Amino acid sequence: MVSGKTVLVVGGGGREHAIVDALSRSPQVGKIYCAPGNAGIGKKATNVPLKDTDVEGLKAFAIGNGVGLTVVGPEAALAAGIVDAFRAAGLRIFGHTKAATAIESSKEFAKEIMAKYGVPTAGYRSFEDFDEALDYVARRPFPAVLKYDGLAAGKGVVIAADKAEAEAALRSMLLDESFGKGKVVVEDFLTGPEFSFMCFVDGDRVYPMPLAQDHKRAFDGDKGPNTGGMGAYTGLPFISDADRSFALENILKRTASAMVAEGRPLSGVLYGGLMKTPEGIKVIEFNARFGDPETEVVLPLLESDIYEVFSAVAEGQPCAEPQWKDRVTLGVVLASKGYPGSYEKGYVIEGLEDVDAHVIHMGTKISDGNVVTAGGRVLMVVSDGEDIAAAKEKVYGEVAKIRCSNLFYRSDIAHIALEGK
């Protein structure tokens, strides 16, 4: 590998594998470290056995190994204040401060910002008291959307169909403190197709990425429990240019400006989880980092040098508008049987070398020379194409080459786009 810049990527899932892949295409990057990384990441980066929330350990590693730029993947690291600590030590880092990460780490804060600055979203109320929350929900129409106020690894949202479901969810969040002590935000239920709109953001500067849609439910036909995402694709036919323009101007850019006005400027990725409702596009949630699995289908389309973008945002400098390929991508997640509930690990995965597509590792490790399962979501296979149908046909042909007795996947990724619903 040619000499070049040294970069540290924080995290160890599919999102970070996609970030490492994108960085490996940069002519400016020489050495990539990833903490903690995984079996797939280890082919293009040196894995470092440090937790993504070990801020002091990561800072010491960056200083000791001449890291010129750090890129943060997971929200937990951002919420732990990694950006604040690195900047205080004079280190360049791509990601939001702890104060700015509140756009994701506190659902109530995000709602307050949207209400104050006129960003379209569902109506809401926040509660700390179980009885008050249950009384309020019981007097409203169902379904009811209940969100734990803090970080909950994607598991803190319940759409309760009736009072019994609402009571169980509120009891879990407020009385049992399943995710820790915190409030619950009760939102109006919205209908319509959801989509993800990610942007690189540096203060008031907003650089949009291609739109994507992920599939949250575990099984075909959007059945089963919610997961972290079972697949994703780009090239959404149900979102018009006018829809995209509205979302960019009135949601992403307005929110970026609001955070500047609040003294909490963004300096990383702002992820808008949006819905196209009969009343227009509204915000379901904001995340303060790259989405997962959307990143795995979006970043392969980037033609620009991602190091330039990361570096400019980390330094608070403008950069050229990122350029994207005029193609679409589709990715299918292979997950451990039992996910998102309990599942077993350590199953050998075979056939990966036969796959003629982009194989992203999400939850894998090396054991006795074999790649084995080490998480709930294990792999994601991504292909591109001129249209969604072509990308889908290609990707499922490649998925079939992977052999493992304990994996399952959905066979209908992008069904909303292909069925025209």
Side-chain angles (χ1 to χ4, degrees), residues 100-152 154-174 179 182-197 213-214 216 222 226 238-239 242-259 261-262 264 266 270-288 291:
T101 300
I103 197 75
E104 174 173 6
S105 63
S106 171
K107 300 287 188 292
E108 184 180 45
F109 171 79
K111 283 296 206 180
E112 288 171 349
I113 287 291
M114 287 186 269
K116 182 176 178 180
Y117 291 91
V119 176
T121 188
Y124 78 101
R125 274 188 62 186
S126 300
F127 296 91
E128 289 182 86
D129 182 83
F130 169 78
D131 292 318
E132 286 181 15
L134 183 60
D135 180 59
Y136 175 73
V137 172
R139 289 187 282 108
R140 291 166 41 83
F142 286 95
V145 181
L146 312 174
K147 295 182 176 181
Y148 173 69
D149 181 48
L151 296 177
K155 300 182 178 71
V157 178
V158 173
I159 299 174
D162 52 37
K163 184 181 177 182
E165 283 188 14
E167 183 172 355
L170 290 170
R171 188 175 297 280
S172 170
M173 293 179 193
L174 290 172
F179 306 114
K183 299 178 182 178
V184 168
V185 175
V186 180
E187 287 188 8
D188 296 343
F189 179 72
L190 302 178
T191 59
E194 291 187 46
F195 65 103
S196 306
F197 196 166
Q213 184 182 56
D214 80 332
K216 291 290 187 199
D222 295 320
N226 266 329
F238 54 88
I239 301 298
D243 290 333
R244 180 185 179 280
S245 179
F246 175 88
L248 179 60
E249 296 299 326
N250 297 286
I251 295 175
L252 280 309
K253 287 186 176 180
R254 187 174 293 176
T255 301
S257 295
M259 292 295 280
E262 292 291 316
R264 303 171 184 241
L266 298 166
L270 178 61
Y271 167 113
L274 311 180
M275 180 179 280
K276 184 175 181 176
T277 77
E279 295 80 40
I281 293 173
K282 297 187 179 184
V283 177
I284 301 297
E285 65 174 350
F286 281 124
N287 291 330

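What's counted below: heavy atoms across the whole structure, side chains too, no hydrogens, waters or symmetry copies. Since we're looking at a predicted model, the values are computed, not measured.
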dist D135:CG -> L170:CG (nearest 0.5 Å) comes out at 11.5 Å
Minimum heavy-atom separation for L174 to A133, with atom names? CD1-CB, 4.1 Å
Residue pair F286 / M114, side-chain heavy-atom distance below 4.5 Å: yes
Do L274 and I251 come close enough that some side-chain heavy atom pair is under 4.5 Å? yes
If you measure from CG on L252 to OG1 on T255, what distance do you get to the nearest 0.5 Å? 6.5 Å
Minimum-distance pair of heavy atoms, taken over all atoms of A102 and R264: CB-NH1, 3.5 Å
Rounded distance (nearest 0.5 Å) linking atom CD1 of I239 with atom NZ of K276: 5.0 Å
Donor-acceptor list for residues 277-284 side chains, cut-off 3.5 Å, not counting sequence neighbours:
| residue | atom | partner | partner atom | Å |
| --- | --- | --- | --- | --- |
| T277 | OG1 | E279 | N | 3.1 |
| T277 | OG1 | G280 | N | 3.2 |
| T277 | OG1 | G280 | O | 2.6 |

Enumerate the residue pairs fulfilling ring pair (Phe, Tyr, Trp, His ring centres under 6.0 Å) with a member in residues 107-132, sequence neighbours excluded, ordered by first and then second residue. F127-Y136
Nearest heavy-atom neighbours spanning F238 and Q213: CZ-NE2, 3.5 Å
Can you name the residues that form a side chain to side chain contact (heavy atoms under 4.5 Å, CB included) with E249, not counting sequence neighbours? S245, K253
Sidechain N-carboxylate O distance under 4.0 Å for K111, E187: yes
Does the side-chain contact (heavy atoms from CB on, under 4.5 Å) test come out yes or no for D149 and K147, once each step is laid out? CA-CA 6 Å; D149 181 48; K147 295 182 176 181; over 6 Å; no
Gap between atom CG of N287 and atom CD1 of I103 - 0.5 Å precision: 10.0 Å
For the side chain of R254 and the backbone of G118, is there at least one donor-acceptor N/O pair under 3.5 Å apart? yes
With A166, which residues qualify under side chain to side chain contact (heavy atoms under 4.5 Å, CB included), at least two apart? V137, F142, L146, A160
Polar side-chain atom of N250 near backbone of F246 as donor-acceptor pair, under 3.5 Å: yes
Residue pairs passing the side-chain hydrogen bond (donor to acceptor under 3.5 Å, both in side chains) test with at least one member in residues 157-168, sequence neighbours excluded, are E167-R171
Student check: side-chain heavy atoms of V184 and K107 closer than 4.5 Å: no
Is E262 salt-bridged to K116, cutoff N-O under 4.0 Å? yes
For D214 and K216, what are the C-alpha separation, side-chain angles and deciding distance, and is it a salt bridge (Lys or Arg N to Asp or Glu O under 4.0 Å)? CA-CA 6 Å; D214 80 332; K216 291 290 187 199; 3.1 Å; yes
Mind running side-chain contact (heavy atoms from CB on, under 4.5 Å) on D188 and R140 for me, showing each step along the way? CA-CA 9 Å; D188 296 343; R140 291 166 41 83; 3.0 Å; yes
Report the distance from atom OH of Y271 to atom CZ of F197, rounding to the nearest 0.5 Å. 12.5 Å
For Y148, which residues count as a side chain to side chain contact (heavy atoms under 4.5 Å, CB included) partner, sequence neighbours excluded? A152, M173, F179
